Amino acid sequence: MARSNCDQGCWPDDVGILAMEVYFPYMYVDQSELEQYDGVSAGKYTIGLGQAKMGFCSDNEDVYSLCLTVTRRLMERNGIAYDSVGRVDVGTETILDKSKSVKSVMMQLFEENGNTDMEGVDNLNACYGGTAALFNCVSWIESSAWDGRYALLVAGDIAVYASGPARPTGGAGAVALLIGPNAPLVLERGLRASHMRHVYDFYKPDLLSEYPVVDGKLSVECYLSALDKCYERYSSKLTQMKKSGGEALAVTLDDFDFLAFHSPYCKLVRKSVGRLMLNDFVRHTDIHPERYTNIKILNSVKLEETYHSREIEQDFVKASTDVYEVKVKPGLLLANQVGNMYAPSVFAAVASILSIVPMEQLLCKRIGVFSYGSGMASSMYSIRVSADGRPDGPLTKLIHNLATFTERLEQRVQVPPHQYEQMLKIREKTHHLGDYTPVGSSDSLFAGTYYLTYVDSKYRRQYNITDIENVNNGIQSKVDTVVSSAC
């Protein structure tokens, strides 16, 4: 990929996502069966949390194998040369080593292809690490340090919880995003807002355990308050852009065609849509007043006083039903079927939108993205989809290659809850164990999946890869950098 022809210091055009790949484990547990096994009321997980299935890993998959798998898949399916990548940033909170990065493990893919001239390392802050990695990749391409090559974002995590109410909100997976100019999915420059604080809502102080310490009530409050602040600040920046363009200044949910959220569980995302409508109600009651005909509160209400009001929550969830069905629900496919992937979660939402919504309905559209990581760090930004819908165009190729994950969802193996629990107990006993050979079978792993074969007495980890003959599923397409048409 050649550097854009421009004077030194100018920005390359349309920096964003050129290609995407998603990976999730081959095993899952059905949430309705888990309800029965746990002895809770029917619907507690499937309706109360909004979850249908939960992916999980055997002891022969870890964050290294997830990231190796998703990276190799993206590179090979899109025909990307390993020496054409100049930066790799990783987002994860799954820690196997307090010093050695996931990125350094991934370098074996690039080393064997002669590429060691590579920037970037790991980014860690709960589920926000992938977003930090994305921003780093974009900043590198828009900086004087850029050498004309692609950047690669890889996010991967394994989300598991101790026995209790949080366990059904687990999941696992990884995503890889190829970043560069002339992209079919462009990060809108100047439209990014963040909110960060010091809180103990979710954290992992015990480095010998995979399990977090969770304050569920505080975590939900932090998520919603971060959403309020990011939406307010994003809206302020978009308003300034509208002023220069002579558009109507008010920013509401109407300014987004689709919305992608970090999804700890789908029901929280449903509540978040209502929360955004509450923000619109407080700031712009005169816009779409018909939405608020059954709302009982005054628009002078203070947002910070409403986090735990069931009445307000239910009123605005109901009022936002149409917005949710059209703009948000398409982004919950992977969250509903796999669970919380942590750092990859928000990108899984974008991938779900691209896989479900017909391409002609995506052209020129804006996807609002909200990312949250406990502790806490959060951002809201937006992606503009290209206007180029040609059959051989970059957007078509991106969507075509990405769409294979829907087939893999159907190819997974359902595991009964008691076996799922047994596997978690094995992971508990063997977490950070040396001189260990995993007991999990590699027979049912997807083609082209890396898996752990041995951890030696010095904790050095060894991997193999399953048959890669069918990894492309007959799909081969070279990433294009055709300049998108103006929207």
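None of the values given here were measured: they were computed from a predicted structure. Note that these values count all heavy atoms, side chains included, but never hydrogens, waters or copies made by symmetry.
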Requested in this report: In plain terms, say whether R408 and E21 are close enough for a salt bridge, that is, a side-chain N and a carboxylate O under 4.0 Å apart.
Outcome: yes

**Report entry** D157 and K204 ion-paired at < 4.0 Å
**Finding:** no

Report task. Classify the angle between the aromatic ring planes of F405 and F24 as parallel (below 30°), tilted (30 to 60°) or perpendicular (above 60°). Result -> perpendicular

Requested in this report: Begin with the C-alpha distance, continue with both residues' side-chain angles, and end with the deciding distance and a verdict on ring pair (Phe, Tyr, Trp, His ring centres under 6.0 Å) for F370 and F256.
Outcome: CA-CA 12 Å; F370 175 65; F256 301 99; over 10 Å; no

Query raised in the report: Under the side-chain contact (heavy atoms from CB on, under 4.5 Å) criterion, do S263 and L332 qualify, and how do the steps go?
Result: CA-CA 8 Å; S263 180; L332 291 178; 4.1 Å; yes

Query - Over all atoms of both residues, closest heavy-atom pair of A349 and A260 - result: CB-CB, 3.7 Å

Query raised in the report: How about Y23 and Y450: are their ring centroids closer than 6.0 Å?
Result: no

Query - CA sep, side-chain torsions, deciding dist, call: K267, T169, side-chain contact (heavy atoms from CB on, under 4.5 Å) - result: CA-CA 11 Å; K267 195 63 173 286; T169 63; over 6 Å; no

**Report entry** Between Y234 and S382: side-chain donor-acceptor atoms closer than 3.5 Å
**Finding:** yes

Query raised in the report: Is there a donor-acceptor pair closer than 3.5 Å between any side-chain N or O of Q31 and the backbone N or O of M54?
Result: no

Query raised in the report: Nearest heavy-atom pair of A250 and D255: which atoms, and what distance?
Result: O-OD2, 3.7 Å

Report task. May I ask you to decide if Y265's main-chain N or O and Q51's side chain share a donor-acceptor pair within less than 3.5 Å? Result -> no

Query - Minimum-distance pair of heavy atoms, taken over all atoms of T449 and F446 - result: OG1-O, 2.7 Å

Report task. Verify whether one side chain among H262 and S345 offers a donor that lies under 3.5 Å from an acceptor in the other. Result -> yes

Query raised in the report: Are the side chain of D122 and the backbone of V102 linked by a donor-acceptor contact shorter than 3.5 Å?
Result: yes

Requested in this report: Report the residues that fulfil side-chain contact (heavy atoms from CB on, under 4.5 Å) with P205, sequence neighbours left out, ordered by chain and then residue number.
Outcome: Y203, V213

**Report entry** Side chain R366, main chain D257, donor-acceptor under 3.5 Å
**Finding:** no

Query raised in the report: Considering all heavy atoms of both residues, which atom of S374 and which atom of N125 are nearest to each other, and what is their separation?
Result: O-ND2, 3.1 Å

Query raised in the report: When you measure from the side chain of N123 to the backbone N and O of V90, does any donor-acceptor pair fall under 3.5 Å?
Result: yes

Report summary line: All heavy atoms of A319 vs all of R291, minimum pair found to be CB-O, 3.5 Å

Requested in this report: Drop me the distance from I17's CD1 to L177's CG, to the nearest 0.5 angstrom.
Outcome: 4.5 Å

Requested in this report: Would you sort out whether L66 and E61 count as a side-chain contact (heavy atoms from CB on, under 4.5 Å), showing the intermediate values?
Outcome: CA-CA 7 Å; L66 298 185; E61 287 192 277; 3.8 Å; yes

Query raised in the report: Quick one: does NZ or CZ of R283 land under 6.0 Å from the six-membered ring centre of Y231, within 45 degrees of the ring axis?
Result: yes

**Report entry** Heavy-atom side-chain proximity of T321 to R270 below 4.5 angstrom
**Finding:** yes

Query - Residues H288 and D254: side-chain donor-acceptor under 3.5 angstrom - result: yes

Query raised in the report: Are the side chain of K237 and the backbone N or O of R192 linked by a donor-acceptor pair below 3.5 Å?
Result: yes

Query raised in the report: Between CG of L268 and CZ of R275, what distance do you get to the nearest 0.5 Å?
Result: 11.5 Å

Query raised in the report: Got a sec: does the NZ of K329 have more than 12 other heavy atoms crowding it under 6.0 Å?
Result: no

**Report entry** Contact summary for Q337 and A52, nearest pair of heavy atoms
**Finding:** NE2-CB, 3.8 Å

Query raised in the report: For C364, does its backbone N or O pair with a side-chain atom of R384 as donor and acceptor, under 3.5 Å?
Result: yes

Report task. Tell me whether the centres of the aromatic rings in F261 and Y223 are closer together than 6.0 Å. Result -> no

**Report entry** Verdict with supporting geometry, R167 and Y211, side-chain contact (heavy atoms from CB on, under 4.5 Å)
**Finding:** CA-CA 10 Å; R167 177 160 280 184; Y211 300 146; 3.3 Å; yes

